[in-house]
Amino acid sequence: MKKIVVNLGERSYPILIGEGLLDSKGLFDEFIKGKKVCIVTNSTIAEHYLDKLQSNLTDYQTSAFIIEDGEQFKTMRTYTQILDFLLSWKVDRKSTVIALGGGVVGDVAGFAAASCLRGINFIQIPTTLLAQVDSSVGGKTGVNHKMGKNLIGAFYQPSCVVADLSTLDTLSSREFSSGMAEVIKYGLIRDSDFFDWIEANAVNIKAMHKPHLSHIVARSCEIKAEIVSKDEKEYGLRAILNLGHTFGHAIEAALGYGQWLHGEAISAGMIMATSMSKAMGDIDDSTLVRVTKLFSEFNLPVGPPESMSKQQMKGLMAYDKKTVDSSIRLILLEQLGNAYVSNDYPDELLDQIITQALK
Ligand code: NAD
Ligand code: GLY
């Protein structure tokens with residue numbers, strides 16, 4: 001088992017990564033505070049893993065709240081339903097919420113844990129690749145609003161993250177690819193050697209060879225932990241984790257949440273951000289070709305959907321919460337492995353990139 005620590009002073013916590021962790025009784029007992037543990041999960045994940053998890057929590061009083069499966073349920077309504085359940089189950093400040101699932105379950109359950117009784121103990125057990133490498137780490141919780149994605153939420157750190165690689169065995173290949181978009185992102189923004197490694201090991205990663213999975217999850221979590229430790233509330237550096245997201249969130253909103261997976265949308269977005277970096281003179285053509293090839297290798301889209309219009313893209317980008325003082329904040333690449341935040345770019349260039357992508 002690998003252990004990575006997110007260093008946040010008294011709110012520091014470990015990320016435990018390994019195979020079969022859900023089978024090890026007592027593994028995260030030290031992170032459970034009181035007697036009551038409510039597992040929040042969805043109907044799909046419950047079928048695979050709920051019994052297994054509950055059978056290892058026999059020392060506690062457990063309950064399960066099962067939400068419907070899908071991004072379209074990451075809403076205030078689901079959030080309220082979870083709170084209704086927790087409060088009627090009479091949780092107290094020592095109770096624990098465990099999110100068992102992907103980013104949707106983790107985000108909405110985390111937001112409920114953050115606000116129930118002004119914050120109860122929270123544990124993340126991410127079961128998608130995307131959640132293991134990204135959403136379960138760093139404390140962003142929340143729900144979507146009709147005006148845009150993740151517009152309502154809170155920063156609320158879990159007390160522990162348990163990434164059981166064995167849960168990825170039941171994940172669809174499309175969902176696995178979606179997670180790979182975030183994995184490749186870490187190489188692009190912070191570690192060109194990691195990008196090279198993913199390129200060189202793509203075959204074994206696609207075959208879901210466990211030592212390779214362990215490496216991509218651990219290296220991704222190390223990078224995210226380092227960034228979050230330096231800038232928990234996203235005053236600066238943390239924003240680089242949003243490479244491609246301003247474009248991607250616009251795609252998700254335009255198509256309707258859940259049509260394109262999050263990783264698919266940001267994959268197209270990262271190609272647009274890399275193209276913009278090339279237009280800014282920072283990235284050369286061969287790098288753009290390499291980046292495009294790697295996303296394609298994992299069956300990820302390298303451009304926005306044809307059905308989307310240029311006006312739609314621009315309008316929705318302006319609603320994204322990365323808009324600061326009405327200029328759209330972009331994450332760009334200075335070079336492969338090094339990203340920066342920019343509000344200072346020629347508007348015509350952004351216009352040109354959007355026009356090219358949606359021609
Ligand atoms: P998801 O939670 O919708 O899960 C994807 C699908 O896989 C679902 O149908 C789910 O039921 C199924 N599933 C989950 N685990 C499974 C397993 N082990 N076996 C079989 N099926 C399984 O999607 P996701 O990609 O995990 O997360 C996307 C969400 O995460 C988005 O809402 C996005 O905004 C959010 N996100 C949040 C952060 C953050 O920092 N909080 C970061 C990135 C993404
Ligand atoms: N996924 C972006 C962040 O956690 O900041």
Side-chain angles (χ1 to χ4, degrees), residues 6 22 40-50 52-53 66-75 78 99-111 114 124-144 148-151 153-158 161 163-183 185-186 189 208 220-221 223-225 227-228 230-246 248-249 252-253 257-258 260-267 320-322 331 341:
V6 183
L22 281 185
V40 179
T41 188
N42 77 21
S43 41
T44 310
I45 302 150
E47 260 182 52
H48 292 295
Y49 303 110
L50 182 58
K52 194 190 280 254
L53 177 60
I66 298 174
I67 67 174
E68 287 182 85
D69 186 356
E71 180 74 33
Q72 63 274 35
F73 299 104
K74 198 174 113 175
T75 56
T78 305
L100 173 70
V104 169
V105 168
D107 281 10
V108 67
F111 186 34
Q124 288 266 22
I125 304 188
T127 61
T128 62
L129 179 62
L130 185 140
Q132 295 189 352
V133 300
D134 191 359
S135 62
S136 65
V137 176
K140 279 190 181 175
T141 70
V143 296
N144 300 326
K149 247 186 90 80
N150 300 331
L151 290 183
F155 284 99
Y156 193 64
Q157 301 296 343
V161 178
D164 182 344
L165 301 172
S166 305
T167 60
L168 302 181
D169 291 344
T170 51
L171 199 61
S172 72
S173 58
R174 187 175 170 203
E175 293 291 353
F176 181 79
S177 287
S178 175
M180 278 309 298
E182 300 282 10
V183 173
K185 175 190 81 179
Y186 291 110
I189 62 170
M208 298 189 54
S220 301
C221 287
I223 294 173
K224 182 146 187 188
I227 292 172
V228 168
K230 288 183 174 148
D231 179 24
E232 181 185 8
K233 299 271 171 78
E234 200 171 307
Y235 294 119
L237 176 70
R238 182 168 179 164
I240 67 169
L241 290 169
N242 295 321
L243 178 72
H245 284 52
T246 305
H249 285 170
E252 286 181 88
Y257 298 126
W260 272 27
L261 302 180
H262 178 69
E264 293 170 340
I266 62 155
S267 165
D320 193 76
K321 66 188 182 318
K322 279 164 287 300
I331 316 304
V341 185

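Counting starts at 1 for both ligands and their atoms, following the listed order.
Using a distance-only test at 3.5 Å, with no hydrogens or angles considered, no donor-acceptor pair links the side chain of Ser267 to the main chain of Ala181. Using a distance-only test at 3.5 Å, with no hydrogens or angles considered, a donor-acceptor pair links the side chain of Lys185 to the main chain of Leu241. In terms of modelled atom types and a separation under 3.5 Å, the side chain of Ser43 and the main chain of Glu68 share no donor-acceptor contact. Put simply, the side chain of Arg238 gets close to the backbone of Glu232: a donor and an acceptor are under 3.5 Å apart. The main-chain N or O of Gly139 is found under 3.5 Å from a side-chain atom of Gln157 such that the two form a donor-acceptor pair. Formation of a donor-acceptor pair under 3.5 Å by the Asp69 side chain with backbone atoms of Thr44 is not found in this model. Side-chain atoms of Ser220 do not come within 3.5 Å of backbone N or O of Val183 as any donor-acceptor pair.
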Show your working on side chain to side chain contact (heavy atoms under 4.5 Å, CB included) between Thr167 and Gln132 and close with a plain yes or no. CA-CA 10 Å; Thr167 60; Gln132 295 189 352; 3.4 Å; yes

Does Asn144 form a side chain to side chain donor-acceptor pair (under 3.5 Å) with Glu252? I'd like the steps, not just the answer. CA-CA 11 Å; Asn144 300 326; Glu252 286 181 88; over 6 Å; no

If you apply the rule side chain to side chain contact (heavy atoms under 4.5 Å, CB included), what do you find for Leu100 with Thr127, and how did you get there? CA-CA 7 Å; Leu100 173 70; Thr127 61; 3.9 Å; yes

Intermediate values then yes/no, side chain to side chain donor-acceptor pair (under 3.5 Å), Thr170 and Tyr49: CA-CA 10 Å; Thr170 51; Tyr49 303 110; 2.6 Å; yes

Evaluate side chain to side chain contact (heavy atoms under 4.5 Å, CB included) for Val6 paired with Val137, printing each intermediate quantity in order. CA-CA 8 Å; Val6 183; Val137 176; 4.1 Å; yes

Start with the C-alpha distance between Ser135 and Asp107, add both sets of side-chain angles, then the distance that settles side chain to side chain contact (heavy atoms under 4.5 Å, CB included), and finish with yes or no. CA-CA 7 Å; Ser135 62; Asp107 281 10; 4.2 Å; yes

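When the heavy atoms of Arg174, Arg238, Lys149, His249 are ranked by distance to atom 34 (O) of ligand 1, first place goes to Lys149.
Checking only distances, Val104 does come within under 3.5 Å of ligand 1, N or O to N or O. At under 3.5 Å, a nitrogen or oxygen of Gly103, whether backbone or side chain, sits near a nitrogen or oxygen of ligand 1. Ligand 1 has no nitrogen or oxygen under 3.5 angstrom from a nitrogen or oxygen of Ser178. Considering backbone and side-chain N/O of His48, none are found under 3.5 Å from N/O of ligand 1. Looking at ligand 1, you'll find an N or O of Thr127 within less than 3.5 Å of one of its N or O atoms.
At least one side-chain heavy atom of Ile67 sits under 4.5 Å from a side-chain heavy atom of Val105.
Contact annotation for Leu168 and ligand 1: no heavy atom of the residue comes within less than 4.0 Å of the ligand. At a heavy-atom cutoff of 4.0 Å, ligand 1 is contacted by both the backbone and the side chain of Lys140. Using a 4.0 Å cut-off between heavy atoms, Asn150 contacts ligand 1 through its side chain alone, with no backbone atom that close. Residue contacts with ligand 1 for Val137 are absent, since no atom lies close enough (heavy atoms, distance under 4.0 Å). At a 4.0 Å heavy-atom cut-off, ligand 1 touches Leu130 through the side chain alone. Both the backbone and the side chain of Leu171 come within 4.0 Å of ligand 1, judged by heavy-atom distances. Contact annotation for Glu252 and ligand 1: no heavy atom of the residue comes within less than 4.0 Å of the ligand. Only the side chain of Asp69 comes within 4.0 Å of ligand 1, counting heavy atoms alone; its backbone N, CA, C and O stay farther away.
Using 4.0 Å as the threshold, Glu264 has no heavy atom nearer than that to any atom of ligand 1.
Residue contact check: Lys224 has heavy atoms under 4.0 Å from atoms 40 (O) of ligand 1. Near Asn42, the atoms of ligand 1 lying under 4.0 angstrom from a non-hydrogen atom of the residue are 10 (C), 11 (O). Every atom of ligand 1 is numbered from 1 in the order shown, and the set under 4.0 Å from a heavy atom of Asp134 is 42 (C), 43 (C). Remark: ligand 1 atoms within the under-4.0 Å shell around heavy atoms of Tyr49 are 18 (N). Near Lys74, meaning under 4.0 Å from any of its heavy atoms, are these atoms of ligand 1: 31 (C), 32 (O), 33 (C), 34 (O), 35 (C).
Using a heavy-atom distance under 4.0 Å as the criterion, the protein contacts of ligand 2 are Asp134, Lys140, Lys224, Glu234, Arg238, Leu241, Asn242.
Looking only at heavy atoms of the protein, atom 6 (C) of ligand 1 is closest to Glu175 OE2, 3.2 Å. Of the protein's non-hydrogen atoms, Thr170 OG1, 2.7 Å is the one closest to atom 19 (N) of ligand 1.
Between Asn150 and the options Lys74, Lys140, His245, a side chain to side chain contact (heavy atoms under 4.5 Å, CB included) holds for only Lys74.
Put simply, atom 12 (C) of ligand 1 has no protein non-hydrogen atoms near it, under 4.0 Å away.
Under a cut-off of 6.0 angstrom, the local environment of CD in Gln72 is crowded, with over 12 non-hydrogen atoms contributed by other residues, nucleotides or ligands.
Taking Lys224 as the reference, Asp134 meet the side chain to side chain donor-acceptor pair (under 3.5 Å) condition, with sequence neighbours excluded.
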